There are 2 protein chains.
Amino acid sequence: MTDSMMTIGQMCESYDVTPRTLRFYEAKELIFPTREGQKRLFSKSDRARLKLILQGKRFGFSLEEIRQLLNLYSLGDQQTTQLTKTYELAQERLRDMEEKREELTGAIADLKEQLQWGDTVLADRGVKLAAE
Amino acid sequence: MTDSMMTIGQMCESYDVTPRTLRFYEAKELIFPTREGQKRLFSKSDRARLKLILQGKRFGFSLEEIRQLLNLYSLGDQQTTQLTKTYELAQERLRDMEEKREELTGAIADLKEQLQWGDTVLADRGVKLAAE
DNA sequence: CCTTTGGTTGACGTTAACGTAAACGTTAGG
DNA sequence: CCTAACGTTTACGTTAACGTCAACCAAAGG
């Protein structure tokens with residue numbers, strides 16, 4: 001029942017990325033596809049990691065930052081020291097993300113206010129907007 | 001009382017950016033410092049815009065995306081058509097940001113869970129963590 | 001007058017994150 | 001057997017967002 005494996009083409013289809021991107025991520029040790037002969041096979045784990053990568057990118061994290069975070073999600077066997085470092089790094093990232101969320105909340109509020117302003121200005125000029 | 005003007009050095013100090021960055025942003029038409037002779041002078045408006053730029057960058061927006069958003073915050077005189085477009089673009093961005101916030105919320109929850117897991121693992125190994 | 005201090009304009013260098021093209025292997029169908 | 005379809009490696013190209021360096025100007029202080 002090794003049907004959980006996917007070829008590179010299927011991966012590209014599923015996650016809307018190019019082969020180049022997947023090979024690049026492998027080279028950067030973000031994912032670890034196995035080989036069947038020459039060809040790459042992507043496991044469920046690879047897919048989970050890819051999801052996190054794409055998510056991380058949306059938040060403006062660099063691939064290197066993401067790579068470190070990813071380790072947190074697969075810390076079965078590591079030595080305790082390494083694990084502790086990873087753990088602390090993740091805490092930092094968490095603070096990062098919570099801070100970003102705060103900021104984002106504020107920015108959204110600001111933007112909404114501006115939009116309201118735009119509303120009235122456009123209304124004053126007699127422009128009808130598409131009802132949301 | 002034109003004391004609201006700041007030199008490039010003061011700007012760098014205040015916002016922790018390099019002169020190069022500010023000149024670059026000017027070249028990209030993100031900010032519009034005036035000149036006193038040769039030297040750039042940054043107004044309150046420039047500062048507000050810079051703040052938004054730096055904020056936007058933290059959320060992973062490109063400078064080009066930011067440039068377009070910035071227009072929303074200074075739409076005094078524009079023609080109505082242009083204004084409408086800007087307005088709609090801003091709505092899109094807003095949806096973007098709210099979506100990002102959602103995602104971020106989820107990601108934070110996930111990460112917290114993982115950290116809890118790390119907690120117990122480390123505890124099992126007898127590692128004492130710095131009390132938060 | 002001379003030298004800091006702070007600013008200027010090019011112009012080339014750099015890093016991240018891929019894109020793109022060349023040249024090749026390997027099944028599967030007609 | 002030929003040729004698509006799908007995959008591979010190697011290597012150079014590209015874009016964004018600045019960094020870095022050289023050569024220069026100008027006001028202010030000793």
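So that the names make sense, note that chain A is the first sequence line, chain B the second, and so on, each numbered from 1. Please read these numbers as outputs of a predicted model, since none were measured by experiment.
- Atom CE of A:Met6 and atom P of D:dC6 are 14 Å apart (whole Å).
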Give me, pair by pair, the N or O atoms of the protein and of nucleotides 9-13 of chain C that are less than 3.5 Å apart, along with how far apart they are.
{"residue": "C:dT9", "atom": "OP1", "partner": "B:Arg35", "partner atom": "NH1", "Å": "3.3"}
{"residue": "C:dT9", "atom": "OP1", "partner": "B:Arg35", "partner atom": "NH2", "Å": "3.3"}
{"residue": "C:dT9", "atom": "OP1", "partner": "B:Arg40", "partner atom": "NH2", "Å": "3.3"}
{"residue": "C:dT9", "atom": "OP2", "partner": "B:Arg40", "partner atom": "NH1", "Å": "2.7"}
{"residue": "C:dT9", "atom": "OP2", "partner": "B:Arg40", "partner atom": "NH2", "Å": "2.6"}

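- Using a 4.5 Å heavy-atom cutoff, the side chains of B:Val17 and B:Leu54 are in contact.
- When distances are taken from the side chain of A:Lys39 to each of D:dG19, C:dG19, D:dG7, the shortest belongs to D:dG7.
- A:Thr7 has no side-chain polar atom (N or O) that falls below the 4.0 Å cut-off from OP1 or OP2 of D:dC6.
- With sequence neighbours left out, A:Lys51 forms a side chain to side chain donor-acceptor pair (under 3.5 Å) with no residue at all.
- A sub-4.0 Å separation between OP1 or OP2 of C:dG19 and a side-chain N or O of A:Thr21 is present.
- Every residue meeting the side chain to side chain contact (heavy atoms under 4.5 Å, CB included) condition with A:Thr105, not counting sequence neighbours, appears here in chain and number order: B:Arg101.
- Residue B:Leu22 contributes atom CG, which lies 10 Å from atom P of D:dC18 at whole-angstrom precision.
- Following rounding to the nearest Å, B:Glu13 (CD) and C:dT5 (C1') show an atom-to-atom distance of 15 Å.
- Out of D:dG7, D:dA17, C:dG19, the shortest distance to the side chain of B:Lys57 is found at D:dA17.
- As rounded to whole Å, 17 Å separates atom C1' of D:dA17 from atom CD of B:Glu29.
- No side-chain heavy atom of B:Asp46 sits under 4.5 Å from any side-chain heavy atom of B:Glu26.
- If you take OH of A:Tyr25 and P of C:dG19, they are 9 Å apart, rounded to a whole angstrom.
- Taking atom CZ of A:Phe24 as the reference point, atom C1' of D:dT14 lies 13 Å away to the nearest angstrom.
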